[in-house]
Engineer: 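My structure is below; once you've seen it, I'll send some questions.
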Number of protein chains: 2
Amino acid sequence: MTEPTTCDRILDAAEALFAEQGFHPASLRQITQAAGVNLAAVHYHFGSKQALLLAVFRRRLDALNQARLARLEEALAKADGARLEDVLDAFVYPALAFSRGSDADGHRFMQLLMRAFADRDEDLHAAISSEYAFVMRRFADAIAQTLPGRDPELLRRQLDFTVGALTYTMAESSLADTRSIASDLVRFAAAGLRGSGQRAASHDSTVQTGARSTLETSS
Amino acid sequence: MTEPTTCDRILDAAEALFAEQGFHPASLRQITQAAGVNLAAVHYHFGSKQALLLAVFRRRLDALNQARLARLEEALAKADGARLEDVLDAFVYPALAFSRGSDADGHRFMQLLMRAFADRDEDLHAAISSEYAFVMRRFADAIAQTLPGRDPELLRRQLDFTVGALTYTMAESSLADTRSIASDLVRFAAAGLRGSGQRAASHDSTVQTGARSTLETSS
DNA sequence: GTCTATACAATGATAGAC
DNA sequence: GTCTATCATTGTATAGAC
């Protein structure tokens, strides 16, 4: 059992090579050679190259989503209710840490994820979305609770803005401090959410201070 | 002159097929057949499949950037100086209109553009960035003028957030009203920019240790 | 059930004739 | 400039060994 199974060896090699070169450029012959298995093993265990990519995604996204939900639970468990910043941080920080953390492949994997999001392939898109759907709903609900009376349609749109800002930032190659980026993004999104509560209102609404650190809970 | 040149016919066919299927899946044989030219003509006129993609990008981005700059000039020409919202709108609206406008291929092209941004290919990324560099600088300067005293590094980061929100939104398949989306995004970004003028003072990392371990141990 | 060897159609690219 | 012929490599499929 100390020896990794053929399936796992393929998944590991595929993840590294997909992340490094992209989906199409990374060939199955490269992958199977790096994994030390036969070419046909991919189709036996996964069915196709694309199904292999999907399996790679699932393995990683499970971990990311669990980390997000754990942090969200922390925020929601607070006595006086969750703050908007804490909910946003639970969504943003694990992704950024994942993409820039100790794992050197994390960043590349996140770039691969963003590419998959941008990709036109509908099967892949649907599979990833379904993987995300439950988590997104949890966060949308939590955010809606901190912004009572918000138009749900507008809120969904603003959440898309936030996801876009996060995704784009993850794909950036700059390697600035994760905590600093997460903090800036949380404050940007919180101000954006609070500052445009209703449509077509006056532009120069009161500026939110919102300067509290998202970390102050433990200090 | 009524007959399009070989170059143009290749560009038109390539744009349509790249946008429809993605870069790698669209084959040169498909493209050249649709264009009614020989397969080898692509390599003669452009050098490679990727160089062809780049040429397709350049043709479109020139038009988009000109539209943006024209709108920016309008905003800057106002007697009492440009408002932040007007500058943001000059950046956001042409892109959204371009991706959802009368041209049915516009949306698909924007998805292709987002995919290119997410792509790992450094040559392509550098080429697109250089295409954008001048325009981005103009807008960054204009925005900085409406937010005097802002830390330039933070401003750059916040602009990336905005670009990410815009790019992600453009790739969305929903077809809501362009003007409405642009307006929402402008107000979101303006509030995010105004509402987080200075960074959070403390970047201590006490609270994240718990969640980070959760992230790293689960997989 | 697992894994291997091999074959196949299609791809991007190139060289050289016209 | 344009075209034909050709090459190595790709994802995929199948037949057969343990």
Engineer: Within the pair A:His43 and D:dT12, is there a side-chain N or O less than 4.0 Å away from OP1 or OP2?
Structural biologist: yes
Engineer: Treating A:Arg9 as the side-chain partner and A:Ala35 as the backbone partner, does any N or O pair qualify as donor plus acceptor under 3.5 Å?
Structural biologist: yes
Engineer: Check whether any side-chain nitrogen or oxygen of A:His24 sits under 4.0 Å from OP1 or OP2 of D:dG11, and answer yes or no.
Structural biologist: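 Result: no.
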Engineer: Quick check on D:dT2: is either OP1 or OP2 less than 4.0 Å from any side-chain nitrogen or oxygen of B:Thr6?
Structural biologist: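 Yes, because at least one side-chain N or O of B:Thr6 sits under 4.0 Å from OP1 or OP2 of D:dT2.
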Engineer: Please report whether the ring centroid of B:Phe109 lies less than 6.0 Å from that of B:Phe57.
Structural biologist: yes
Engineer: Grab the CZ-P distance between A:Phe46 and D:dA13 for me, whole Å please.
Structural biologist: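 One finds 16 Å between P of D:dA13 and CZ of A:Phe46, rounded.
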Engineer: Report the distance from atom CZ of B:Arg9 to atom P of D:dT2, rounded to the nearest whole Å.
Structural biologist: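 Those two atoms, CZ and P, are 10 Å apart.
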Engineer: Please report, rounded to the nearest Å, how far the P atom of D:dC3 is from the CD1 atom of B:Ile10.
Structural biologist: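 For the pair B:Ile10 CD1 and D:dC3 P, the rounded distance is 10 Å.
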Engineer: Start at the 5' end of DNA chain C and walk down; is the nucleotide closest to A:Tyr44 or to B:Ala40 reached first?
Structural biologist: A:Tyr44
Engineer: B:Lys49 side chain: which of D:dT14, C:dA15, C:dG12 is closest?
Structural biologist: C:dG12
Engineer: What distance separates A:Phe23 CZ from A:Leu17 CG, expressed to the nearest 0.5 Å?
Structural biologist: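 The distance works out to 12.5 Å.
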Engineer: CZ of A:Arg29 versus P of D:dA8: gap in Å, rounded?
Structural biologist: 14 Å
Engineer: Between C:dT11 atom P and B:Gln30 atom CD, what is the distance in whole Å?
Structural biologist: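 For the pair B:Gln30 CD and C:dT11 P, the rounded distance is 7 Å.
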Engineer: Starting from C1' on C:dC3, measure out to CD on A:Gln33 and report it in whole angstrom.
Structural biologist: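 Distance, rounded to whole Å: 17 Å.
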Engineer: Mind checking B:Ala41 for me? I need base, sugar-phosphate or nothing, with any heavy atom below 4.0 Å counting as a touch.
Structural biologist: nothing
Engineer: Going by atom types alone, do A:Thr169 and B:Arg157 pair a side-chain donor with an acceptor below 3.5 Å?
Structural biologist: no
Engineer: Compare side-chain N and O positions of B:Asn38 against OP1 and OP2 of D:dT4 and report whether any pair is under 4.0 Å apart.
Structural biologist: yes
Engineer: In whole Å, I'd like the distance from the CG atom of A:Leu28 to the P atom of C:dT4.
Structural biologist: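 Those two atoms, CG and P, are 15 Å apart.
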Engineer: For A:Leu39 and B:Gly36, take the nucleotide of DNA chain D holding the closest heavy atom to each; which residue's nucleotide lies nearer the 5' end?
Structural biologist: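 With A:Leu39 and B:Gly36 compared, the 5'-side residue is B:Gly36.
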Engineer: Please round to the nearest 0.5 Å and tell me the distance separating atom NE2 of A:His45 and atom SG of A:Cys7.
Structural biologist: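 These two atoms lie 5.0 Å from each other.
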Engineer: Using the closest heavy atom to pick a nucleotide of DNA chain C for each, name whichever of B:Ser27 or A:His45 lands nearer the 5' end.
Structural biologist: A:His45
